[in-house]
Amino acid sequence: MRLLLYKDLDLRRVRPAFEKLRAAIEADDFRSANVKKLNAGPYYRAKLDYANRLLLQFARVSEGEGAVTVCLALEVIENHAYDKSRFLRGAVVDEAKIEHEPAAEATAPALGADATPLRWLGPGRTQFELLDKPIVFDEAQDGAYRHPAPLVVIGSAGSGKTAVTLARLREAEGRVLYVTLSAYLAQSARALHAAHGFDNPKQEVDFLSYRELLETLRVPPGREVTLPAFARWCDRHRQTLRLLGGASGAMDPQALFEEFRGVIGAQPGGPLCLSDYLALGTRQSLLNCAQRESAHGLFQRYVVWLGEAGLYDSNLVAYAWRMQIAEAAEPIYDFIVIDEVQDLTPVQLALVLALLKRPGQFILCGDSHQIVHPNFFSWAALKSLFWHGLAGDAAQRQPLQLLQANYRNTRAVTELANRLLKIKQARFGSVDRESNFLVRSTAPEAGRVVLVAAKDAAVQALDASTRQSAQHAVIVLRDDDKSAARARFRTPLVFSVHEAKGLEYPHVLLVDIVSGQRQAYAEVCDGVQPTDLETDELDYRRAKDKADKSLELYKFYVNALYVAMTRAVQTLTLVESDTGHPLLALLGLQADEAQVQAVRASTREEWAQEARKLQLQGKEEQAQAIRDAFLQHKPVPWTPWSRALVEELLPKALDPRNPSAKPRQTLFDYALWHGQHEWVTTLGKAHFAPARQLLDEGQFWGAGSLLPNRYGFRNDAWERLKNLTRRSVAAVRQRHLQPWEAKKLKDLLQQVDQYGPDHATPVGATPLMLAAVAGNAPLVQALLDKGADPQLRDDFGHTPWDGALSRALQEPGFAATGLPAVFPLLAPAALDVQVDGRLVRLERRQGEYWVLMLMLAGLKTQWSRCVTRALEPHKYAKGFFAEQLHEVLARLPAWLWSDKRRKRSYVNQVLARAEASSTYVPARKLWVRASNGHYLPNPALQLRAGDAWTLVYTAMALDWVDLGCGDGELYRPKPQELVARLGAVIREDSGERDASALAPSDGPV
């Protein structure tokens, strides 16, 4: 058996023992290697010596008609310390429960029964890279990986561009940036980078979409302009568009948008003045010189309209922000990776490169054949940036790295896409030298491509066989075409090409893409003969007529078809009304009968997961269509707790003339469940017996303030109150939380199927919120598999993760048990906040991430005495403090809170450096000092809510906390009053922002 070594495997201390082990495994002698299966995940261990073990995993790779199993060496575990393993993530490994070693006659495939798939394994390869799965680089990928920066990587979808760039990114030191246009791609890259617990202590890496990058410099006002909004604006200027279109009719809004975004407003030096615009070459604009003056005047109106409509153009913002960096700011990044660079304009790219401390320390990767954004990108324009010195002298001398292998699409799909590229070159000439290549499929499957006439019988047959499968998607050219496609195909997975970019499905149907734009696609293939396509390579040749703008005019159509084709991993079906179109003939397609095969209907869980994935990618329309078609749920038969219900019941509960105890009991249980002591006080004053018992036992009245021992409170009364409060809170929690702590999940999951994964339980929380508070990781995973949304918030602004953190604050022991179990499933990869008008992103590795998370999760109970505290309650009334936070953080396992952070002094350091008045760089200003050693979240802080921002205390519903506070002498002011006073200090004091002067005193007011 072949043994492959993980690139970062450290064998320095065990080299001789490892060589013996390697020989045994390669000889299939697993008994001598003492290979045994672990009880944690798909991992095995082999014995190096008495104290040390080697962590293994098996992988299977297809070769010819069969598959081969290989062994992967992941990590050396020294001194049996399985709990410190990067891959096991704190899982408990009981050596007594490790399965017996395989029998001598055991085969490699038997060992690899739970093997992970491996896409490719070339001869002589001995190492592998590991992102979310093991990867062995081919020659071209390895060459790009080892090439020094600056580096430009060109490759089609499925060529491994992202894997190569992330492997390089992991090795960079200092502050590192990964940026791309798509927020979902940035999130996916972050997950791949951190997969299997990877951490490079020598780097601090940011994964940002381009919009988020702008926001880190300063949050632009309003929303970014979109093509639909621009098209509506164009309706006001139809006359000008007719002039720009000339004899061919009014200019298409998509083309004008490209002219504005990709030409006039795209230059690094700012929007072009009229003279510079008129001086552009013929191939640098969609318009001739006679039309450009009108277009430039319309661009000036466009800029004015943006301000009036509350919109912004990221090109104009990028230029403004870059000028500010040049004047006042210092570059901040040591290394930058720009993914899908073809989606960015020159001015956007120039802004990113301006953030580099040292020019040339970057990697760019992309594919110009996938341009569907209006930006006029070309590799030639990119190289001109280098020639003008924006990327450093080294970038001008570096060759581009080309990745031609495709590890995603089957051979049939790849061959069709290649034929379209041949047509594109034969018709328009080579786009540039860098894009002049065909793709080579490495897939063992042949795949299938078929052309079907869009007749009723064929369409109905295709619809019937695919509508219930989450592996079949329908793609049309534009958004306007989706309604017609939905009338014929009932699948919820209907996308325009723009929406489909970045997606992939095993089976794809392209519906009337060519027939819907007959004239445009006729122009695409005009004059191309079948003999022009009889080549295995693309020869570089430019168009004969340099004034011919056909490529720019029809680029969208040919690129859109290419992108649509390459979304299909296994099979591609083109459903066309005009099967005799010349382009289809040049593609080598002939109309055939619809090849209807039995398709397995996807389960509810698979549809739920697909809906969740699409929602994360911003495809809310398709996600909702899935819910409507396949995830229909009944309303719950109970009345869940909610803020609206409590507000309705409150007058009834406090009315002494109301004989019913039900409103009082509901309010009492709601208060105990959420830890709202002042609400209990209000009910006690209304003579509700259970609440009155708590007040009488504590010997306090009036506003319900509980005085500490030094103010005369008797120790025995304090202990009685603590015990009674603990029992009261525990009883409510036990009653409502016990079902969610169970190991048997069947009944709960049946409820989810009936009422939906996000239905409101009797306490008003979603099932995922209760599973998180219970620390029930298997249930959390099952709910996520059914499409539960981990971002939903309850009445107090708590997500499921916030609920788990809140319990850890109240029960620090939960931080050692339940919290680590749900962390990988629920904890956000980053926390976005806005401070002083800019985005501050807190990553999991940062101490501020944990401290601010705990503060937000603890806000609703920080001032409450319904929750038993280990320390004197008067400390909590002033805010959060290091001892309180450290008690939770110190209980976390080492893989969440490293040993170097165990001391309370580290928490004090984090609190001090992120304070609003701190001079620490970077000044994050996350919280304010309410009194000496006590902190509260900065009232000026904002949290992201979808595409908008919300003030932190509004997002966390501070107005709902302790709403039942009555008048009278209080031990401390209401939370709302305290925060308002802190906010006033921040607004009024432009210098020292210490709010300790307004902090509450230790005694009664």
Side-chain angles (χ1 to χ4, degrees), residues 181 210-211 214 220-267 270-278 280 284-320 343 345 347-348 371-377 476-484 496-499 516-517 519-520 549 552-557 560 618 620-621 947-948:
L181 190 68
Y210 192 81
R211 172 189 167 183
L214 291 178
R223 297 173 291 107
E224 185 171 6
V225 64
T226 62
L227 179 58
F230 180 80
R232 290 191 293 271
W233 175 77
C234 285
D235 287 341
R236 309 181 198 171
H237 305 280
R238 297 173 186 168
Q239 182 62 33
T240 305
L241 263 66
R242 280 195 289 269
L243 292 174
L244 294 176
S248 59
M251 188 175 188
D252 183 59
Q254 168 99 18
L256 183 61
F257 201 41
E258 178 154 1
E259 188 74 7
F260 283 4
R261 300 255 305 166
V263 183
I264 301 177
Q267 307 311 312
L272 293 173
C273 64
L274 180 59
S275 59
D276 289 341
Y277 183 40
L278 294 175
L280 289 179
Q284 294 178 285
S285 169
L286 292 173
L287 304 175
N288 58 41
C289 290
Q291 297 169 313
R292 292 181 190 177
E293 187 168 353
S294 297
H296 196 274
L298 196 57
F299 179 79
Q300 306 305 319
R301 299 183 192 177
Y302 164 73
V303 174
V304 173
W305 167 72
L306 289 174
E308 295 172 347
L311 302 172
Y312 69 86
D313 185 318
S314 58
N315 277 344
L316 304 181
V317 172
Y319 172 70
D343 294 337
T345 61
V347 65
Q348 293 171 337
I371 298 173
V372 292
H373 293 280
N375 62 7
F376 223 80
F377 174 88
V476 296
L477 186 64
R478 299 183 187 273
D479 289 335
D480 295 342
D481 302 325
K482 290 192 292 186
S483 58
S496 64
V497 170
H498 183 80
E499 292 173 323
Q517 296 289 334
Q519 182 59 39
K549 300 178 186 296
E552 286 75 21
L553 290 170
Y554 297 106
K555 174 183 64 178
F556 167 76
Y557 296 99
E620 182 58 44
E621 178 184 330
D947 291 333

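The figures here come from the full heavy-atom set of this structure, side chains too, leaving out hydrogens, waters and symmetry mates.
With values rounded to the nearest 0.5 angstrom, Leu287 atom CG is found 12.5 Å from Glu293 atom CD. The distance from atom CG of Leu227 to atom CZ of Phe257, rounded to the nearest 0.5 Å, is 6.0 Å. Distance check, rounded to the nearest 0.5 Å: CD1 of Ile264 to OG of Ser285 gives 7.5 Å.
In this structure, Ser496 and Leu477 have side chains that are not in contact, with every pair of non-hydrogen atoms separated by 4.5 Å or more. Taking the side chain as every heavy atom from C-beta outward, Asn315 and Gln348 approach each other to under 4.5 Å. A 4.5 Å side-chain heavy-atom check between Glu224 and Val317 finds every atom pair outside the cut-off. Taking the side chain as every heavy atom from C-beta outward, Arg478 and His498 never approach each other to under 4.5 Å. With a 4.5 Å cut-off on side-chain heavy atoms, Leu256 and Phe230 count as touching. At least one side-chain heavy atom of Arg261 sits less than 4.5 Å from a side-chain heavy atom of Ser314.
For Ala520, the side-chain contact (heavy atoms from CB on, under 4.5 Å) partners are Gln517, Tyr554, Tyr557, not counting sequence neighbours.
When the shell of 6.0 Å around CZ of Arg238 is examined, it contains 12 or fewer heavy atoms from other residues, nucleotides or ligands.
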What donor-acceptor contacts under 3.5 angstrom involve side-chain atoms of residues 270-277, with partners at least two apart or in another chain?
| residue | atom | partner | partner atom | Å |
| --- | --- | --- | --- | --- |
| Tyr277 | OH | Glu259 | OE2 | 2.4 |

I'd like a table of donor-acceptor pairs (distance under 3.5 Å, sequence neighbours excluded) in which one partner is a side-chain atom from residues 297-312, with atom names and distances.
| residue | atom | partner | partner atom | Å |
| --- | --- | --- | --- | --- |
| Gln300 | NE2 | His296 | ND1 | 3.4 |
| Arg301 | NH1 | His237 | ND1 | 3.4 |
| Tyr302 | OH | Asp313 | OD2 | 2.7 |

Practice prompt. May I have the step-by-step check of side-chain contact (heavy atoms from CB on, under 4.5 Å) for Thr345 and Gln267, ending in yes or no?
Written response: CA-CA 8 Å; Thr345 61; Gln267 307 311 312; over 6 Å; no

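Using a distance-only test at 3.5 Å, with no hydrogens or angles considered, no donor-acceptor pair links the side chain of Glu258 to the main chain of Gln254.
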